[in-house]
Amino acid sequence: MTLRKGERATISIQEHMAIDVCPGPIKPIKQISDYFPRFPRGLPAAASRPAAPPSRPPLSPAEPPRDEDEDVDRLFGAYGASGPAEQPAPRPAEEEAADAEGYESDDCTTLGTLDFSLLYDQENNALHCTINKAKGLKPMDHNGLADPYVKLHLLPGASKANKLRTKTLRNTLNPTWNETLTYYGITDEDMIRKTLRISVCDEDKFRHNEFIGETRIPLKKLKPNQTKTFSICLEKQLPIDKTEDKSLEERGRILISLKYSSQKQGLLVGIIRCAHLAAMDANGYSDPYVKTYLKPDEDKKSKHKTAVKKKTLNPEFNEEFCYEIKHGDLAKKTLEVTVWDYDIGKSNDFIGGVVLGINAKGERLKHWFDCLKNKDKKIERWHTLTNELPGAILSD
């Protein structure tokens, strides 16, 4: 703009406002996490408290005023900062190990945390999983809430055979279940080689349920008969190892009780329950029942059969059968127990079986021997089902 001689330069209101609001270069806005640093658990107590900021002499008139952001940075720089260098000093290996378990990743703030406890009851071969509560779960529904439930799964293993779940709680991101789920038939070998997968999911009525987060606990971390409590950040879904050792696959397990009754002059065989049975139907379940034979069976009268339990891989029978036989003759006999899947209109499917007797091995032989040795005493044992029985008739 050119001015004539004697004219004063005028500034429009727009130019005046632009000068006031744009005094200098724009500074980047700091994130709120810059003001609230997080530290892993396991750090020394001295490092967890900020040192008192050193007193500063009053600013001299010549010294320019410090920016507020700079003051905040100096204040929080007292946490663990021992020198001007920005790189943290290397920490010892013990401290790194503590961080590995205690560090709260970013998933904590986005997926939530889960509180639960585990107890391995060695005497009863049971794993009790108590799901207490979750906090700060990720919103999954349009209303900013979720309908969460917890699902348990033992790895490696068939999915539906060992899947347990809690009830669903509606419209909450901080659910409290206080629910105990129990796996039966858990052996010391399982505690060494198996891992418990705990998943939190959101239930949807009109579409597939949605995954929120999970955690995995190797069972070897647990001590027998001691409750261990966990408060763990949920993680994103981890891949499941598909290259499992096929030799470890099982058809399921069965809990059998044996007792020779002097009063009834016979062998009492109790079929209590099965666990983790193989799925034989298209819906991923089975309709199991159990048959027992005392062999050799010349008269073909030793067959007993339980009721059928519909659509389950963990049936509970609690049925008992009596074989009238002299105690001295039991040493010559063999007890054959088979588990079947009931089908309508076609042949029933064989799931698995177990043979107890003097020709058996391991726990099966020990169970039979303990029964013969201890009259009038009920002895319960879990046995692993196999898909083949020597000399057995595998047709119903």
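Glu214 pairs in a side-chain hydrogen bond (donor to acceptor under 3.5 Å, both in side chains) with only one of the listed residues (Lys236, His153, Arg197), which is Arg197. Residue His304 is tested with Tyr289, Phe317, Tyr323 for a ring pair (Phe, Tyr, Trp, His ring centres under 6.0 Å); the sole match is Tyr323.
Residues passing the salt bridge (charged side-chain N to carboxylate O under 4.0 Å, His left out) test with Asp147, sequence neighbours excluded: Arg170. Taking His327 as the reference, Tyr260 meet the ring-ring contact (aromatic ring centres under 6.0 Å, His included) condition, with sequence neighbours excluded. For the side chain to side chain contact (heavy atoms under 4.5 Å, CB included) test, residues two or more places apart in sequence or in another chain that qualify with Pro224 are Tyr120, Gln122.
Proximity of Leu118 to Leu196: side-chain heavy atoms (C-beta onward) are separated by under 4.5 Å at one or more points.
Both Ile271 and Val354 belong to a common hydrophobic cluster when Ile, Leu, Val, Met, Phe, Trp and Tyr are linked at side-chain heavy-atom distances under 4.5 angstrom. Neither Phe206 nor Leu145 shares a network with the other; the hydrophobic side chains, linked directly or stepwise wherever heavy atoms of I, L, V, M, F, W or Y lie under 4.5 Å apart, form separate groups for each. In this structure, Ile131 is a member of the same hydrophobic cluster as Leu154, with clusters built from ILVMFWY side-chain heavy atoms closer than 4.5 Å. Taking hydrophobic clusters as Ile, Leu, Val, Met, Phe, Trp and Tyr residues chained together by side-chain heavy-atom distances below 4.5 Å, Ile325 does not share a cluster with Phe369. Residue Val200 is grouped with residue Ile232 when hydrophobic side chains (ILVMFWY) are merged at heavy-atom distances under 4.5 angstrom, including chains of intermediate members.
Residue Tyr184 is found in a hydrophobic cluster whose other members, listed by chain and number, are Leu255, Ile272, Trp382; membership requires side-chain heavy atoms under 4.5 Å apart, directly or through intermediates.
Side-chain atoms of Thr227 and Ser117 form no donor-acceptor pair, as typed in the model, at a separation below 3.5 Å. When only modelled atom types and interatomic distance are considered, Asp115 and Ser231 share a side-chain donor-acceptor pair under 3.5 Å. Using a 3.5 Å distance cut-off with no hydrogens or angles, the side chains of Asp349 and Tyr342 do not pair a donor with an acceptor. Asn171 and Asn143 share a donor-acceptor pair across their side chains, judged by distance under 3.5 Å alone.
Going from atom CD1 of Ile198 over to atom CG of Leu164 covers 11.0 Å, rounded to the nearest 0.5 Å. To the nearest 0.5 angstrom, Thr187 atom OG1 is 10.0 Å from Glu363 atom CD. Taken from CZ in Arg364 to CD1 in Ile256, the straight-line distance is 10.5 Å, to the nearest 0.5 Å. To the nearest 0.5 Å, atoms CG (Asn314) and CZ (Arg273) are separated by 7.5 Å.
Using a 4.0 Å cut-off between a side-chain N of Lys or Arg and a carboxylate O of Asp or Glu, Glu210 and Lys138 do not qualify as a salt bridge. Here Glu324 does not pair with Lys264 in a salt bridge; the nearest charged N to carboxylate O distance is not below 4.0 Å.
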request  = Give the C-alpha distance, both sets of side-chain angles, the deciding distance and a yes or no for side chain to side chain contact (heavy atoms under 4.5 Å, CB included) between Met191 and Lys220.
outcome  = CA-CA 5 Å; Met191 298 301 294; Lys220 60 185 178 183; over 6 Å; no

ask   = Does the side chain to side chain contact (heavy atoms under 4.5 Å, CB included) test come out yes or no for Thr182 and Leu127, once each step is laid out?
value = CA-CA 6 Å; Thr182 301; Leu127 176 64; over 6 Å; no

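Between Gly284 and Ala279, the closest heavy-atom pair is O-CB, 3.2 Å.
Geometric assessment of Lys291 against the ring of Trp340 yields a positive cation-pi assignment under the 6.0 Å and 45° thresholds.
Residue pairs satisfying the salt bridge (charged side-chain N to carboxylate O under 4.0 Å, His left out) criterion with at least one member in residues 173-188, sequence neighbours excluded, are absent. For residues 368-378, the side-chain hydrogen bond (donor to acceptor under 3.5 Å, both in side chains) pairs, not counting sequence neighbours, are Ser262-Asp376, Lys366-Asp370, Asp370-Arg381.
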